[in-house]
Peer 1: 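Structure below; questions to follow.
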Amino acid sequence: MTLRTDLPTSPMMPAPRRLSGGAGDFARRGGQLRVSLTPRCQLGCWFCHNEGEIPPRITHHDRAVQPRRRALNAGDFLAAINAMTAAGIRRVFFTGGEPLLSPLARPILQGLPGHQMDEYTTTLITNGLTLAKDLDWLAATALDRIKVSLHYFSDASIAAIAQGRPGDMAKIKAGIEAAIGTIPIVELNLLLQEQNAHEVMDVIAYARELGTGLQIIELVDTDHNAGLSGVKVASGEISACLRSIATAEDVVTAGTGQGRRVFTVPGRGGPMTIEVIDATLGRHHVGQCASCPERERCIEGFWALRLDSAGALSPCLLRPDLRLDVTSRTADPAALLAAVSAHLDAFTEGTLA
């Protein structure tokens with residue numbers, strides 16, 4: 001990707017020091033910064049962890065149960081993102097809820113500075129419902145990649161899985177297909193579950209037809225989806241099917257998060273990759289994980305920092321008690337990085353209270 005010099009840039013600030021210690025190790029391993037722009041979403045997926053916030057499925061049915069109030073503005077988000085990428089974080093993901101529902105989405109994404117993908121990458125994760133409508137302005141941003149969540153492949157399955165409506169699948173597919181050729185990289189992701197087991201091969205065929213990358217993910221149990229999933233679907237059978245059509249298979253266990261199998265398969269226009277996140281390959285745990293009461297059900301390990309609109313930065317999806325409040329620090333990149341580094345050092349050493 002070439003550097004886009006026509007994009008708006010953020011105010012110049014002194015280059016912060018690089019992350020070191022546990023924070024630096026996290027950055028070197030390719031750990032993600034996941035930026036949740038809003039907890040709101042049009043859909044209500046039963047499995048949604050909402051980056052640790054109250055899931056939309058619950059708020060749709062009980063308006064008395066609401067997520068925390070937004071405490072950060074667009075400038076705060078951009079200051080945090082710019083400080084952390086300058087300090088060594090190389091993968092930034094914009095999530096929700098549905099990030100494109102946030103009034104901050106446009107000023108934040110338009111405010112991203114131009115960059116090279118070997119410096120860091122930016123990815124928008126979306127349900128795709130408004131993607132076709134938003135493509136014109138998204139195409140003019142510094143986004144490197146759009147990843148569309150495609151956990152269903154028919155109006156019947158989107159209704160069963162996500163409380164979707166008739167016509168939703170047509171909107172999502174139209175957005176995906178319009179984005180190809182407009183956004184530098186378009187990818188799909190799919191969460192394995194009983195409710196979509198009959199459509200997994202359809203999604204794989206669709207990805208190959210379009211020539212988009214595909215990531216297949218195993219379920220993460222949280223307090224909000226406990227008891228709703230039925231039998232968890234492992235990835236072994238899917239990997240066996242992919243192995244039969246693949247020209248290559250690589251197993252990746254380095255870095256953060258779970259191990260994954262990367263299959264190279266024929267797609268439109270040439271070879272493409274399908275990743276399968278496989279919990280049997282292990283995951284990256286650190287000091288805090290050793291005595292964690294959630295360790296038994298944790299299949300992720302330490303792989304992402306989550307910055308949410310309420311101003312909290314969390315190193316663990318299952319432990320909201322380990323959040324760091326950054327609302328008072330976004331105006332001072334040095335203070336922000338010092339606090340983040342200290343928090344992550346304590347987390348990796350197992351001394352975070």
Side-chain angles (χ1 to χ4, degrees), residues 1-11 27 30-42 51 72-150 171-189 207 210-215 272-273 275 304-309:
M1 178 182 177
T2 57
L3 181 66
R4 303 181 189 182
T5 57
D6 59 333
L7 293 164
T9 57
S10 299
Q32 300 181 11
L33 173 62
R34 295 176 70 87
V35 182
S36 178
L37 301 185
T38 177
R40 309 294 180 181
C41 185
Q42 312 97 312
E51 304 292 1
L72 300 182
N73 60 34
D76 295 329
F77 272 115
L78 286 168
I81 293 164
N82 291 339
M84 295 187 71
T85 53
I89 296 295
R90 299 190 62 183
R91 296 197 296 164
V92 181
F93 289 74
F94 295 95
T95 72
E98 169 47 48
L100 291 176
L101 287 184
S102 171
L104 301 184
R106 191 161 183 167
I108 290 172
L109 297 179
Q110 288 180 331
L112 293 173
H115 59 275
Q116 301 278 6
M117 288 182 68
D118 59 0
E119 296 172 327
Y120 63 90
T121 61
T122 53
T123 301
L124 173 71
I125 302 178
T126 174
N127 62 31
L129 280 170
T130 68
L131 184 53
K133 175 177 70 69
D134 291 317
L135 264 181
D136 282 349
W137 69 264
L138 285 170
T141 70
L143 270 176
D144 301 309
R145 179 185 290 106
I146 284 181
K147 181 173 282 193
V148 180
S149 299
L150 197 64
K171 292 178 184 177
I172 294 169
K173 290 178 183 177
I176 294 169
E177 292 160 24
I180 296 171
T182 301
I183 302 298
I185 301 172
V186 178
E187 297 176 344
L188 310 176
N189 67 62
L210 297 179
T212 63
L214 171 65
Q215 185 177 68
M272 55 171 281
T273 59
E275 289 190 358
L305 286 174
R306 292 174 164 91
L307 175 64
D308 62 41
S309 62

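Counting from 1, the numbers follow the sequence of the chain as shown.
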Peer 1: To check you understand the geometry: which heavy-atom pair defines the closest contact between Ala27 and Gly88, and what is its length?
Peer 2: CB-O, 3.6 Å
Peer 1: Quick one, Leu78 with Leu112, criterion side chain to side chain contact (heavy atoms under 4.5 Å, CB included). Give me CA distance, side-chain angles, the key distance, then yes/no.
Peer 2: CA-CA 7 Å; Leu78 286 168; Leu112 293 173; 4.1 Å; yes
Peer 1: Just how far is it from atom CG of Leu307 to atom CG of Leu37, taken to the nearest 0.5 Å?
Peer 2: 9.0 Å
Peer 1: Would you sort out whether Thr38 and Glu98 count as a side chain to side chain donor-acceptor pair (under 3.5 Å), showing the intermediate values?
Peer 2: CA-CA 7 Å; Thr38 177; Glu98 169 47 48; over 6 Å; no
Peer 1: Once salt bridge (Lys or Arg N to Asp or Glu O under 4.0 Å) is applied, do any residues pair with Arg90, and if so which ones, sequence neighbours excluded?
Peer 2: none
Peer 1: May I have the step-by-step check of side chain to side chain contact (heavy atoms under 4.5 Å, CB included) for Met117 and Ile185, ending in yes or no?
Peer 2: CA-CA 12 Å; Met117 288 182 68; Ile185 301 172; 3.8 Å; yes
Peer 1: Starting at CG of Leu143, measure out to OG1 of Thr122 and round the result to the nearest 0.5 Å.
Peer 2: 4.5 Å
Peer 1: Closest approach of Met272 and Thr212, non-hydrogen atoms and distance?
Peer 2: CE-O, 2.7 Å
Peer 1: So do the side chains of Leu100 and Leu129 get within less than 4.5 Å of each other, counting heavy atoms only?
Peer 2: no
Peer 1: Using the test ring-ring contact (aromatic ring centres under 6.0 Å, His included), find all partners of Phe93 that sit at least two apart in sequence or belong to another chain.
Peer 2: none
Peer 1: Can you name the residues that form a side-chain contact (heavy atoms from CB on, under 4.5 Å) with Ala304, not counting sequence neighbours?
Peer 2: Gln32, Arg34, Arg306
Peer 1: Under the 3.5 angstrom rule, does the side chain of Glu187 hit a backbone N or O of Gln215 as a donor-acceptor pair?
Peer 2: no
Peer 1: Of all the heavy-atom pairs spanning Ser309 and Pro39, show the shortest one and how long it is.
Peer 2: OG-CD, 4.0 Å
Peer 1: When rounded to the nearest 0.5 angstrom, what is the spacing between CG in Leu188 and CD1 in Ile146?
Peer 2: 11.5 Å
Peer 1: Can you name the residues that form a side-chain contact (heavy atoms from CB on, under 4.5 Å) with Leu104, not counting sequence neighbours?
Peer 2: Arg70, Ala74, Phe77, Ser102, Ile108
Peer 1: For Leu124 and Pro99, work out which heavy atoms get closest and say how close.
Peer 2: CD1-CG, 3.5 Å
Peer 1: In Å, rounded to the nearest 0.5 Å, how long is the span from CD of Gln116 to OG1 of Thr121?
Peer 2: 13.0 Å
Peer 1: Please name all residues satisfying side-chain contact (heavy atoms from CB on, under 4.5 Å) with Thr85, sequence neighbours left out, ordered by chain then number.
Peer 2: Ile81, Val92, Tyr120
Peer 1: Do you know which of Thr123, Ile125, Leu33, Leu109 makes side chain to side chain contact (heavy atoms under 4.5 Å, CB included) with Phe94?
Peer 2: Leu109
Peer 1: Looking only at heavy atoms, what is the nearest atom pair of Cys41 and Leu101, with distance?
Peer 2: CA-CD1, 3.7 Å
Peer 1: Can you sort out the partners of Asp76 under side-chain contact (heavy atoms from CB on, under 4.5 Å), two or more places apart, ordered by chain and number?
Peer 2: Leu72, Asn73, Thr330
Peer 1: Nearest 0.5 Å please: distance from the CZ atom of Arg91 over to the CG atom of Asp144.
Peer 2: 12.5 Å
Peer 1: Supply the atom-to-atom distance Lys173 NZ to Leu150 CG, rounded to the nearest 0.5 angstrom.
Peer 2: 8.0 Å
Peer 1: Taking all non-hydrogen atoms of both residues, which atom of Leu131 and which atom of Ile176 are closest, and how far apart?
Peer 2: CD2-N, 4.1 Å
